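Accompanying notes for the structure given below.
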Amino acid sequence: MVFDLDDTLYLERDYVVSGLTAAGDWARARLGLDRLGPLMRERFEAGARQRIFDDSLAALGQTATPALVARLLAVYRQHRPRIALATDATRYLDRRDAGTAVAIVTDGFLDAQRRKLRALDLFRRGVRQAVCTDRWGRAAWKPSRRAFDHLEAAFGLSGASFTYVADNPSKDFVAPRQLGWHTVRIVRAGGLHAEVRAASAGDEADRIIESLDSLD
């Protein structure tokens, strides 16, 4: 069983809020900008997904220089995430059959994804392998097959021996479907890609569920 990470095993919005809080704490301590953290979180909750740093700084009368935005972004990506597994993810990992190996394939900047894996304590919960696609560079992010080929080689299995559970039909299921894997899309309440539609029927998962309790 192979899982995506963000919005599959936990809610990605929790990570975003955690990162914006960390960036806001840095700005308060270093720049005296007490309102930056709350303002960034408000913008995110209102639907903003781009230029949150720039626009929030501008709203406070602070020049959003490239160096300052880059520093805030670095704090965001390098902070210790305050996130937790979704309750149904915890139940699945606790109850799964001992003969079912669990792995992860996840996109995102390498350092940030590794910090999420540690925060969720996934290796102690029985995850055998966690493949961060950024280890090979941006070209290896989904829909690239590279991570999926890697897992087939690592486990010595192929095709229908694998199931991939993920949330974003714009990229997640292209490669595993090409390889003959089973695919399951989880649509979580509050997920950042819950409203995303597949570009074509061939990009959608074989099954759609709302909880990992339905996985078996």
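Quick caveat, the model's predicted, so the values are computed rather than measured. What's counted below: heavy atoms across the whole structure, side chains too, no hydrogens, waters or symmetry copies.
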(message) For Arg13, is there an ion pair with Glu45 - N to carboxylate O distance below 4.0 angstrom?
(response) yes

(request) Give a yes or no on whether Gln178 atom CD has more than 12 heavy-atom contacts from other residues, nucleotides or ligands under 6.0 Å away. (result) yes

(request) For residues Leu212 and Leu9, determine if any side-chain heavy atom of one lies less than 4.5 Å from a side-chain heavy atom of the other. (result) yes

(message) Hydrophobic clusters here meaning ILVMFWY residues chained together by side-chain heavy-atom distances under 4.5 Å, can you tell me if Phe44 and Met40 are in one?
(response) yes

(message) Can you give me the closest heavy-atom contact between Ala130 and Phe123, atom names plus distance?
(response) CB-CZ, 3.6 Å

(message) Under 3.5 Å, is there a donor on one side chain and an acceptor on the other for Ser158 and Glu152?
(response) no

(message) Between Trp141 and Phe109, is the ring centroid distance below 6.0 Å?
(response) yes

(request) Take Tyr92 and Leu215 through the side chain to side chain contact (heavy atoms under 4.5 Å, CB included) test and state the conclusion after the steps. (result) CA-CA 8 Å; Tyr92 175 82; Leu215 190 56; 3.7 Å; yes

(request) Give a yes or no on whether a salt bridge exists between Arg124 and Asp121, defined as a side-chain N under 4.0 angstrom from a carboxylate O. (result) yes

(request) May I ask you to say whether Asp107 pairs ionically with Lys171, meaning some side-chain N is under 4.0 Å from a carboxylate O? (result) yes

(request) For Thr21 and Arg41, test the side chains for any donor-to-acceptor distance below 3.5 angstrom and give the result as yes or no. (result) yes

(request) In plain terms, say whether Glu42 and Arg35 are close enough for a salt bridge, that is, a side-chain N and a carboxylate O under 4.0 Å apart. (result) yes

(message) I need the Asp134 CG to Arg114 CZ distance, nearest 0.5 Å.
(response) 9.0 Å

(message) Counting only heavy atoms from other residues, nucleotides and ligands, does the tally under 6.0 Å from CZ of Arg118 exceed 12?
(response) yes

(message) Whether the side chain of Arg177 engages the backbone of Ala205 through a donor-acceptor N/O pair (distance < 3.5 Å, no angle test) should be reported.
(response) no

(request) Would you tell me whether Arg43 and Ser56 have side-chain atoms, one donor and one acceptor, within less than 3.5 Å of each other? (result) yes

(request) Please indicate whether Arg80 has more than 12 foreign heavy atoms, meaning atoms of other residues, nucleotides or ligands, lying under 6.0 Å from its CZ. (result) no

(message) Can you give me the closest heavy-atom contact between Leu151 and Phe162, atom names plus distance?
(response) O-CZ, 3.9 Å

(request) Determine, step by step, whether Leu93 and Leu85 satisfy the side chain to side chain contact (heavy atoms under 4.5 Å, CB included) criterion, reporting the C-alpha distance in whole Å, the side-chain angles of both residues, the deciding distance to 0.1 Å, and the verdict. (result) CA-CA 10 Å; Leu93 292 173; Leu85 285 173; 4.1 Å; yes

(request) Heavy atoms only: give me the nearest Ala22-Val75 pair and the separation to one decimal. (result) O-CG1, 3.7 Å

(request) Could you tell me which non-hydrogen atom of Asp4 sits nearest to which non-hydrogen atom of Ala166, and how far apart they are? (result) CB-CB, 3.4 Å

(request) Might you confirm whether atom CZ of Arg135 has over 12 heavy atoms from other residues, nucleotides or ligands at distances under 6.0 Å? (result) yes

(request) Decide yes or no for Thr100 and Asp97: does some side-chain heavy atom of the first lie under 4.5 Å from some side-chain heavy atom of the second? (result) yes

(request) Just do the side chain to side chain contact (heavy atoms under 4.5 Å, CB included) check on Arg185 and Glu204 with the steps written out, would you? (result) CA-CA 8 Å; Arg185 179 185 180 189; Glu204 187 56 274; 3.3 Å; yes

(message) Regarding Arg28 and Asp25, does a basic nitrogen lie under 4.0 Å from an acidic carboxylate oxygen?
(response) yes

(message) Working to the nearest 0.5 angstrom, can you tell me the gap between Ile83 CD1 and Ser18 OG?
(response) 7.0 Å

(message) With heavy-atom distances below 4.5 Å as the criterion, would you say the side chains of Arg207 and Thr183 are in contact?
(response) no

(message) Rounded to the nearest 0.5 Å, what separates atom CG in Leu11 from atom CG in Leu192?
(response) 8.0 Å

(message) Could you tell me if His182 and Asp206 have a donor-acceptor pair between their side chains, going purely by distance under 3.5 Å?
(response) no

(message) Can you tell whether the side chains of Arg188 and Asp7 come within less than 4.0 Å, N to carboxylate O?
(response) no

(message) Would Leu5 and Leu120 count as a side chain to side chain contact (heavy atoms under 4.5 Å, CB included) here? Give the steps.
(response) CA-CA 10 Å; Leu5 184 61; Leu120 295 172; 3.8 Å; yes

(request) Check Phe173 against Val184 and note the closest heavy-atom contact, atom names and distance. (result) CE2-O, 3.5 Å

(message) Can you give me the closest heavy-atom contact between Ala139 and Ser144, atom names plus distance?
(response) O-CB, 3.6 Å

(request) Determine whether the aromatic ring centres of Trp136 and His150 lie less than 6.0 Å apart. (result) yes

(message) Count I, L, V, M, F, W, Y as connected when their side-chain heavy atoms are under 4.5 Å apart, and connections chain through other members. Are Val174 and Val165 then in the same cluster?
(response) no

(request) Would you verify whether the NZ or CZ of Lys116 falls within 45 degrees of the ring axis of Tyr15 while also being under 6.0 Å from that six-membered ring's centre? (result) yes

(message) If I take atom OH from residue Tyr10 and atom OG1 from residue Thr90, how far apart are they, to the nearest 0.5 angstrom?
(response) 14.0 Å

(request) Measure the spacing between CG of Leu36 and CD of Gln62 and express it to the nearest 0.5 Å. (result) 8.5 Å

(request) With the side chain counted from C-beta on, respond yes when Asp213 and Arg91 share a heavy-atom pair under 4.5 Å apart, and no when they do not. (result) yes

(message) Let me confirm one number: the CZ-CG distance from Arg71 to Leu68, rounded to the nearest 0.5 Å.
(response) 10.0 Å

(request) Give a yes or no on whether the ring-centroid distance for Tyr164 and Phe3 is below 6.0 angstrom. (result) no

